[in-house]
2 protein chains.
Amino acid sequence: MEDFISKFRGLGFKLTPQRIAILTFLDGNTGHPTAEEIFAAVRQEYPTVSFATVYNTLQALSDRGQLTEVTIDPERKHFDPNTDPHHHAMCSECEKIVDVFVDYSETLSLPDTVSGEFNVTGNHVEFYGVCGDCAE
Amino acid sequence: MEDFISKFRGLGFKLTPQRIAILTFLDGNTGHPTAEEIFAAVRQEYPTVSFATVYNTLQALSDRGQLTEVTIDPERKHFDPNTDPHHHAMCSECEKIVDVFVDYSETLSLPDTVSGEFNVTGNHVEFYGVCGDCAE
DNA sequence: ATCTATAATTAGAACAGTTCTTAAGTAATA
DNA sequence: TATTACTTAAGAACTGTTCTAATTATAGAT
């Protein structure tokens, strides 16, 4: 926890209590929270925290490569503190997002018609389906 | 063109001039237009057309499985009259989206840890990169 | 320990994209 | 051609996100 905080200070952050709360909530969080959910969590400790602070901090983390913006949900952004390349599966019933740690890059080559005119820098696989909880 | 129109009439549509303009603009369109672009195109012919009409028609088409909502761009929806399953590549410079007609489903299997709790109904691969026009 | 410069905070306005509301209009059927 | 149900247009409303401006707090220097 102490080195977690100092890690972000070393990134040029000015560490405020609000930011520590956001960082603490995100650290190791695999639930892909939305800005709304992060806001709600921090608000329990800091009732006057604003959305601006949440978005500012998320933006700052993204800019420094410490946060992945998960865009599988067209309605809103989700945030993932795991910045290792990976993929996602989303439940179409409850909108839950789970991580998929498989490296498909070997098999995901573009056809020549596209690769000739496109310099690919990354890929992301989205799986859609129904999760176990919603299957009943 | 005539059978194109009657196809949609057969789907339970009431065919209005505005809808014909939208359908005509979309038919065979591989440019993945946004609602804004569709609105602008139809507006040239029908200056009083409203966004509501555009969105209504797009919704109606989607509901009937005649239109794919492409969600690769987190900023806005793009629409694709090609409903065959396929994937997309987006240029991070100019936001251009191109189709990728490759069936990766053989290789895109979920790991057991996820597949046990997830009943997958579909997948979509997003490629990011820089297109030829923007590479200069 | 205190001061200072700079960055972060809050509240709320503003914004973009999309959906909803309502009255008026129009296509399809009989 | 009359009827009925559906569609339209205009703009209000809504959701998620970004911006603004005044205030406050952090980090580093003194």
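To find a chain, count down the sequence lines: A is the first, B the second, and so on, and within it residues start at 1.
If you check every strand for non-hydrogen atoms under 4.0 Å, B:T48 touches sugar and phosphate atoms only. Counting any heavy atom pair closer than 4.0 Å across all strands shown, A:P17 reaches sugar-phosphate atoms only and no base atom.
Atoms NE2 (B:H78) and C1' (C:dA16) sit 13 Å apart, rounded to a whole Å. Following rounding to the nearest Å, A:D63 (CG) and C:dA7 (C1') show an atom-to-atom distance of 15 Å. Here the P atom of nucleotide C:dG17 and the CG atom of A:D73 are 18 Å apart, to the nearest Å. A straight line from CZ of B:F51 to P of C:dT18 spans 8 Å, rounded to a whole angstrom. In this structure, CG of A:N56 is placed 7 Å from P of C:dT9, rounded to the nearest angstrom. A straight line from OH of B:Y46 to C1' of C:dT26 spans 13 Å, rounded to a whole angstrom. Rounded to whole Å, the distance from CD on A:E75 to P on C:dT18 is 10 Å.
Positionally, the nearest nucleotide of DNA chain D for B:K14 lies more toward the 5' end than for the other of B:S50 and B:K14. Residues B:T16 and B:F79 both approach DNA chain C. Their nearest nucleotides, taken by heavy-atom distance, put B:F79 toward the 5′ side. Comparing B:Q59 and B:L15 by the nucleotide of DNA chain C that holds the closest heavy atom to each, the one mapping nearer the 5' end is B:Q59. Comparing B:R19 and B:P47 by the nucleotide of DNA chain D whose heavy atom lies nearest to each, the residue mapping closer to the 5' end is B:R19.
Read 5' to 3', the first and last nucleotides of DNA chain D with an atom closer than 4.0 Å to a heavy atom of chain A are D:dG16 to D:dA27.
Under the 4.5 Å side-chain criterion, counting only non-hydrogen atoms from C-beta, B:Y128 is not in contact with B:S92. Counting only heavy atoms from C-beta outward, the side chains of B:V125 and B:V100 never approach each other to under 4.5 Å.
No hydrogens or angles considered: a donor-acceptor pair under 3.5 Å links the side chains of A:D80 and A:H86.
Centroid-to-centroid, the aromatic rings of B:H32 and B:H88 come within less than 6.0 Å. Between B:H87 and B:Y104, the distance separating the two ring centers is shorter than 6.0 angstrom.
When all heavy atoms of B:P81 and B:G28 are compared, the closest pair comes out as CG-N, 4.3 Å.
In this structure, B:R64 satisfies the cation-pi test against B:F13, with its NZ or CZ atom closer than 6.0 Å to the six-membered ring centre and inside 45 degrees of the ring normal.
Ranking C:dT9, C:dT21, C:dT18 by closeness to the B:R76 side chain, first place goes to C:dT18. Residue B:Y55 places its side chain closer to C:dT18 than to any other of C:dA7, C:dT9, C:dT18.
Residue B:R9 places no side-chain N or O under 4.0 Å from the OP1 or OP2 atom of C:dA27.
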